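Just so it is clear, the structure is predicted and the values come from calculations on it, not from any experiment. Along the sequence shown, the residues carry numbers beginning at 1.
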Amino acid sequence: MMRKILIALAGIVVVFVAIVAMQPSEYRVARTARISASARAVFGQVNDFHKWQAWSPWARLDPAMKQASARSTRGRATTRWARAA
């Protein structure tokens, strides 16, 4: 009985490995969205880190998240996120 179980398990592993081996090595995921606003209005929202809280999906998922930005929050600025302890 144990031998049959091991043979079946080995067969499942072989089939799984064969299926994985046949998959393409690269893949691409793309999403698009239509925004009913001008490019200038959208750029004004995403270019300033202080405005990200209004639209960021991550801010809604983790309201306790802490965000720290460099002095300049527009253009070539930097920011970091950390989970609040």
> Going by side-chain heavy atoms closer than 4.5 Å, which hydrophobic residues are tied to Phe43, directly or by a chain of links?
Replying inline: none
> Given a cutoff of under 4.5 Å between side-chain heavy atoms of I, L, V, M, F, W and Y, with clusters grown through shared members, what are the other residues clustered with Leu6?
Replying inline: Met2
> For the residue pair Arg60 and Trp55, what are the closest heavy atoms and their distance?
Replying inline: NH2-O, 2.9 Å
> What residues join Ile19 in its hydrophobic cluster, counting side-chain heavy atom gaps under 4.5 Å, either direct or through other members?
Replying inline: Val15
